[in-house]
K.L.:
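Encoded as structure tokens, here's the structure I'll be asking about.
Remember, predicted model here, so these are calculated numbers, not experimental data. Atoms within each ligand, like the ligands themselves, are counted from 1 in listed order. Quick note: residue numbers are just sequence positions, from 1.
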Amino acid sequence: MYTQSMDLPQKKEQSASAPGAPENPEYQREFDARLAQGEFIEAKDWMPEAYRKTLIRQISQHAHSEIVGMLPEGNWITRAPTLKRKAILLAKVQDEGGHGLYLYSAAETLGISRDEMFEALHTGKAKYSSIFNYPTLTWADIGVIGWLVDGAAIMNQIPLCRCSYGPYARAMVRICKEESFHQRQGFDLLMTMMQGTNEQRVMVQDAVNRWWWPSLMMFGPHDSESTHSERGKQWGIKRISNDDLRQKFVDATAPQADILGVTLPDPNLKWNEKQERYEFGNIDWDEFWNVVNGNGHCNRERLAARVSAWQDGEWVREAALAHANKRAAKHPDGRVGEQAAPSMETAPMQTAPTAGST
Ligand SMILES: [Fe+2]
Ligand SMILES: [Fe+2]
């Protein structure tokens, strides 16, 4: 449904959109009017530099989070307790890699190269979601990541399916479908463990105790402290505030904890009948900023893993480039007898392959 309505025709004046194009009051008015009407901005449309830069920052950090997010769960692929769980976990970790690739492609439409984005990640200039700097200590962590971390990701990402930048919004439609599978497999894994032995139930509760608060931190600082929120709202990038999303997450998740039979580690968590929402305790923001600033359990380990993957993959990139050059030399007219892959800019999402989605 979203896919059709977002597959907009291209508009005029597209050459004015090159990165660094001068600001122009007439274009600005048209841009503002289109945002006000809820239209999508496409890669070749004119856009203010600050909008472009904000999107590059957000989409590339989102991409980095997907790729780094493969690491804590990847650790458990060889230790999955059954063939079924191993197959599910493999599919999920591959999905996360795919999410990273869509998002890097979406960011590239804004005039940044993938090499530049990786450089920013590897040198610590670009951030990624802090949640992935926590360690995965037991198999129950894999279930809790699916249930809580992917659950929080869905809450954050559903509004992005209607964000004002078309390539980002379209990527998010596909990603959200897969995140939904991730959340369900986590809940299913935990439900299985909760019906098992007492040791398994203790393991689940311990994992919930460790991941609950970091999951709430995934929505970012309070609205009053969030530097990017206001502008993001004006530009149609951020449609629901950090605090409102966090509240929706708690309201959706607390009843699921009851079904599982686990206790969320917050003595202040209680249903407010009058306001029809859960009240919950204060987040430890010192911990949040400590991890954001590089001092979490696994910050160094995660970054080192990404840097060494990049270095180890150098021969693959060289081989791919040599192959592409050879093909280009053989087919100077650019036709190689195969259909070109659809681009992020114009491809309807339903035409993409659907491996791993529900
Ligand atoms: Fe993902
Ligand atoms: Fe996910």
K.L.:
Vertex the Fe ion (ligand 1): angle to OE1 of Glu96 and ND1 of His99, to 10°?
P.N.:
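Reported to 10°, the angle equals 100°.
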K.L.:
Can you tell me which residue among Thr109, Thr54, Asp45 is in a side-chain hydrogen bond (donor to acceptor under 3.5 Å, both in side chains) with Tyr165?
P.N.:
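With Tyr165 as partner, side-chain hydrogen bond (donor to acceptor under 3.5 Å, both in side chains) holds for just one option, Thr109.
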K.L.:
Can you confirm if the NZ or CZ of Arg34 lies within 45° of the ring axis of Trp46 and under 6.0 Å from the centre of its six-membered ring?
P.N.:
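No, cation not above the ring by the 6.0 Å, 45° rule.
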K.L.:
Which N, O or S atom name in His182 marks its closest approach to the Fe ion (ligand 2)?
P.N.:
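Atom name returned: ND1.
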K.L.:
For the Fe ion (ligand 2), find the closest N/O/S atom belonging to Glu179 and write down its atom name.
P.N.:
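Nearest N/O/S atom: OE1.
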K.L.:
Check each of His64, His182, His62 against His99 using the ring pair (Phe, Tyr, Trp, His ring centres under 6.0 Å) test, and report the only one that passes.
P.N.:
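Testing His99 for a ring pair (Phe, Tyr, Trp, His ring centres under 6.0 Å) against His64, His182, His62 leaves exactly one candidate, His182.
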K.L.:
Is it possible for you to say whether Trp285 and Phe249 belong to one hydrophobic cluster, with membership spreading through side-chain heavy-atom contacts below 4.5 Å?
P.N.:
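Yes, because Trp285 and Phe249 connect within a single hydrophobic cluster, where side-chain heavy atoms sit under 4.5 Å apart.
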K.L.:
The Fe ion (ligand 1) is nearest to which N, O or S atom of Glu66?
P.N.:
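When I compare the N, O and S atoms of Glu66, OE1 is nearest to the Fe ion (ligand 1).
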K.L.:
Please test Thr192 against Arg85 for side chain to side chain donor-acceptor pair (under 3.5 Å), starting from the C-alpha separation and ending with a verdict.
P.N.:
CA-CA 11 Å; Thr192 305; Arg85 292 292 170 198; 3.2 Å; yes
K.L.:
What N/O/S atom of Asp150 gets nearest to the Fe ion (ligand 2)?
P.N.:
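Restricting Asp150 to its N, O and S atoms, the minimum distance to the Fe ion (ligand 2) goes to OD1.
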